[in-house]
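Below: the structure, in structure tokens.
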Amino acid sequence: MIQRPRGTRDFGPAEMHRRRKAEEAMREVCHRFGFGEVMTPTFEQSELFTLRSGQAVVDEMYVFKDKGGRDMALRPEITASVIRFFVNEMSNLPKPLKLYYVGNCFRYENPQSGRYREFFQLGAELIGNDNPETDAEVISLAVHCLRAAGLEDFHVRIGHIGVMKSLVLSEVQDPAIAGNVLRMIDKEDFDAMGDMFDANALSRNLFERITTLADVRGGKEVLDSVDDAKVQEHLRDLFEILKLHGVEDVELDLGIVRGLDYYSGMVFEIDAPRLGAEKQVMGGGSYTLSELFGGEPVFSTGFAIGIDRVMLALEAEKELPEYAPIDAFVVPTEDAMRKYAFAILSKLRSKGIRADVDLMRRSMSKSLKYASSVGARYAVIVGKEEMAKRVVTLRNMESGEQTQVPADFAAGELAKSLERM
RNA sequence: GCCGGGGUGGGGUAAUGGUAUCCUUGGGGACUGUGGAUCCCUUGACCCGGGUUCGAUUCCCGGUCCCGGCCCCA
């Protein structure tokens, strides 16, 4: 037997139905916000990702040499591809440019709850600016996507890299050490950071200011504790505009640092508290990447939603409705009626009814049983009597109620009945 | 990369050093112009490899996969 690769999943019809519904709801929101969909290759030159995220990510990527000896990688994320696309072909389009994408990504990591080797992201990038109204637009889009997917219990945290970065860089000259400090802030490992401060003779005063800042958490009332006047104003505007977007329940969290270096300004994360260790369903922020790929420097703000985690969170939140793939099952009463049944079937399908018919040459009672077990709402019984009268018998599978309707109008009658259900 | 818990038909289970129970599902039949019922027949499983043993699904080791956690998380 051939096993599915570790960390990958198969999705059956019922699950795909739920996933597509959530995905389509989020897509629709993206369009409503004026974002256009893009699609980029599933694999890219490895360099695209190492440029953005550093050489270390190679360990966690699916990398391979193609037959021409080129270093390739299955994409571990999609932002880099979108920006590459932008630099290559879209840099002259009017700004702001609003793009979104949905796709599978690959990371060679150890699977656990909410973490797979192939996973799915829906993300958006707004290219052109880094002002508060841009940030608000992007955060609002993320929040509205999650709401549209049906998620209710989630928690938005907004931070700003600039504050912590400028604080650290003001006293730490060595960029390697500064990077480590930022990393420790992100992990909230202040013990290790203390040791490091001692080892590098960094000031205790800086340490205090960092820990104080990292603790800043709360509603907009804590904005006052942001030293940097420019950042404070930026965040104040952002919170105000978010409110006008209908996004109010957000927390300021200056402890968000997001390890990697390319984020420059606002950063934000969304958690679904009902999930386990991997509870972050979305991450994003503003950054400049275009220069890195050989373009003009342009600010962008973006995010990526982990669709798999959203699905897990939805399951944790509520019973999901059952999936009924079929509206009507056409049942011939005897073998002589089978051909006629196809004619009826075809008519129903052409009118948009999700209809099916017995293909196993089963008896009438077995067919009804089958119709019942696949959750068909109606059985459409066709027999000699019906044919003679140019009618069909509609049997409501839930109530057992039966009515005869003219064969030509069966589709319309069904549609009406289905609407009522 | 590391740690813990697991792996028996498609799904869910029981037992066992001598190849396996029950339920469900699937297929067929009885009935047959009305189903979720009943009865009958039937397909189908011990994760893989090695070791111990006369014999391993069972005990031991390794691997693999699943579940959860650490690390990491673009």
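Residue numbering restarts at 1 for every chain, and letters A, B, ... go by the order of the sequence lines. Any value given below was found using the heavy atoms of this structure, including those in side chains, with hydrogens, waters and symmetry copies removed.
- Using modelled atom types and a 3.5 Å distance limit, the side chains of A/Thr212 and A/Asp215 yield no donor-acceptor pair.
- Annotation: proximity of residues 122-130 of chain A to RNA chain B (heavy atom, distance under 4.0 Å) is found for no residue.
- A sub-4.0 Å separation between OP1 or OP2 of B/C70 and a side-chain N or O of A/Gln112 is present.
- As rounded to the nearest Å, B/A30 and B/C23 have C1' atoms that lie 23 Å from one another.
- Checked against B/A74, B/G28, B/U64, the side chain of A/Val57 finds its nearest nucleotide in B/A74.
- Comparing the C1' positions of B/C22 and B/U64 gives a spacing of 30 Å, expressed to the nearest Å.
- Residues from residues 300-308 of chain A placing a heavy atom under 4.0 Å of any atom in RNA chain B do not occur.
- Both A/Glu398 and A/Gly114 sit near RNA chain B, but only A/Glu398 has its closest nucleotide nearer the 5' end.
- The base of B/C72 sits with one of its N or O atoms less than 3.5 Å from a complementary donor or acceptor on the side chain of A/Arg115.
- For A/Glu152, there are no side chain to side chain donor-acceptor pair (under 3.5 Å) partners at least two apart in sequence or on another chain.
- Residue pairs meeting the ring pair (Phe, Tyr, Trp, His ring centres under 6.0 Å) criterion with at least one partner in residues 140-196 of chain A, sequence neighbours excluded, are A/Phe33-A/His144, A/His160-A/His234.
- Note: CD (A/Gln402) to C1' (B/G33) measures 10 Å, nearest angstrom.
- At whole-Å resolution of the value, NZ in A/Lys279 and C1' in B/C73 are 13 Å apart.
- For the pair A/Phe268 and A/Ser286, the minimum side-chain heavy-atom distance is 4.5 Å or more.
- For A/Ser372, counting side-chain heavy atoms from C-beta on, the closest listed nucleotide (B/G35, B/G69, B/A74) is B/G35.
- For B/U58 and B/G18, the P atoms lie 11 Å apart once the distance is rounded to whole Å.
- Salt bridge A/Arg157/A/Glu269: present, at least one basic N to carboxylate O contact under 4.0 Å.
- B/C70 is paired with B/G1 under the Watson-Crick or G-U wobble criterion, all donor-acceptor distances under 3.5 Å.
- The stretch residues 373-397 of chain A comes close to RNA chain B through A/Ile381, A/Gly383, A/Lys384, A/Glu385, A/Glu386, A/Arg395, A/Met397, each having a heavy atom under 4.0 Å from the strand.
- Among residues two or more places apart in sequence or in another chain, the ring pair (Phe, Tyr, Trp, His ring centres under 6.0 Å) test is passed with A/Phe197 by A/Phe207.
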Considering only distance and modelled atom types, tabulate donor-acceptor pairs under 3.5 Å from the side chains of residues 385-392 of chain A, sequence neighbours left out.
{"from": "A/Glu386", "atom 1": "OE1", "to": "A/Gly383", "atom 2": "N", "distance (Å)": "3.1"}
{"from": "A/Glu386", "atom 1": "OE2", "to": "A/Thr393", "atom 2": "OG1", "distance (Å)": "2.6"}
{"from": "A/Lys389", "atom 1": "NZ", "to": "A/Gln404", "atom 2": "OE1", "distance (Å)": "2.9"}

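- When the C1' atom of B/C72 is taken as reference, atom CD of A/Glu109 falls 6 Å away, rounded to whole Å.
- Here A/Tyr100 pairs with A/His31 under the ring pair (Phe, Tyr, Trp, His ring centres under 6.0 Å) rule; sequence neighbours left out.
- A sub-4.0 Å separation between OP1 or OP2 of B/A74 and a side-chain N or O of A/Arg107 is absent.
- The gap from the P atom of B/A15 to that of B/G6 amounts to 15 Å, rounded to the nearest Å.
- Separating the CG atom of A/Asn110 from the C1' atom of B/C71 is a distance of 10 Å, rounded to the nearest angstrom.
- With sequence neighbours excluded, the residues forming a ring pair (Phe, Tyr, Trp, His ring centres under 6.0 Å) with A/Tyr370 are A/Phe329, listed by chain and number.
- The pair A/Glu413-A/Lys416 counts as a salt bridge, with a side-chain nitrogen and a carboxylate oxygen less than 4.0 angstrom apart.
- Residue A/Ser363 has its side chain nearest to B/C31 when only B/C72, B/C31, B/G69 are considered.
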Is there any protein nitrogen or oxygen under 3.5 Å from a nitrogen or oxygen in nucleotides 4-6 of chain B, and what are the pairs?
none

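- Comparing the same atom, C1', in B/U24 and in B/A45 gives a spacing of 15 Å after rounding to whole Å.
- Using a 4.0 Å heavy-atom criterion, one finds that A/Gly276 contacts the sugar-phosphate atoms exclusively.
- The shortest distance between the side-chain N/O atoms of A/Ser113 and the OP1/OP2 oxygens of B/G68 is below 4.0 Å.
- When the C1' atom is used for both B/C31 and B/C66, the distance is 45 Å, rounded to whole Å.
- Applying the side-chain contact (heavy atoms from CB on, under 4.5 Å) rule to A/Leu418 yields the partners A/Asp327, A/Ile353, A/Arg377, A/Tyr378, A/Met421; only residues at least two apart in sequence or on another chain are considered.
- Across the C1' atoms, B/G1 and B/C71 are found 8 Å apart, a figure rounded to whole Å.
- In this structure, of B/G35, B/C65, B/G69, it is B/G35 that holds the atom nearest to the side chain of A/Lys369.
- Look at CZ on A/Arg362: it is 5 Å from P on B/G27, rounded to the nearest Å.
- Using Watson-Crick or G-U wobble geometry with both donor-acceptor distances under 3.5 Å, B/A20 finds no partner in any strand shown.
- Taking atom CG of A/Leu368 as the reference point, atom P of B/C31 lies 18 Å away to the nearest angstrom.
- Under the rule for a side-chain contact (heavy atoms from CB on, under 4.5 Å), the partners of A/Ala341 that lie at least two apart in sequence or sit in another chain are A/Val330, A/Pro332, A/Val357, A/Val382.
- Counting non-hydrogen atoms under 4.0 angstrom, A/Ala371 reaches nothing in the nucleic acid.
- Rounded to whole Å, atom P of B/G11 lies 12 Å from atom CG of A/Asp10.
- A donor atom on one side chain and an acceptor atom on the other are not found under 3.5 Å apart for A/Ser91 and A/Glu296.
- Residue contacts for A/Glu334: at a heavy-atom cut-off of 4.0 Å it reaches no nucleic acid atom on any strand shown.
- Side-chain polar atoms of A/Tyr287 and A/Glu125 form a donor-acceptor pair below 3.5 angstrom.
- Rounding to whole angstrom units, NZ of residue A/Lys366 and C1' of B/A37 are separated by 12 Å.
- A salt bridge links A/Glu77 to A/Arg52: at least one charged side-chain nitrogen sits closer than 4.0 Å to a carboxylate oxygen.
- Nucleotides B/U16 and B/C70 have their P atoms positioned 37 Å apart, rounded to a whole Å.
- Side-chain contact check for A/Glu23 versus A/Phe120: every heavy-atom pair is 4.5 Å or farther apart.
- Side-chain contact between A/Thr134 and A/Met266 is absent, with no heavy atoms from C-beta onward closer than 4.5 Å.
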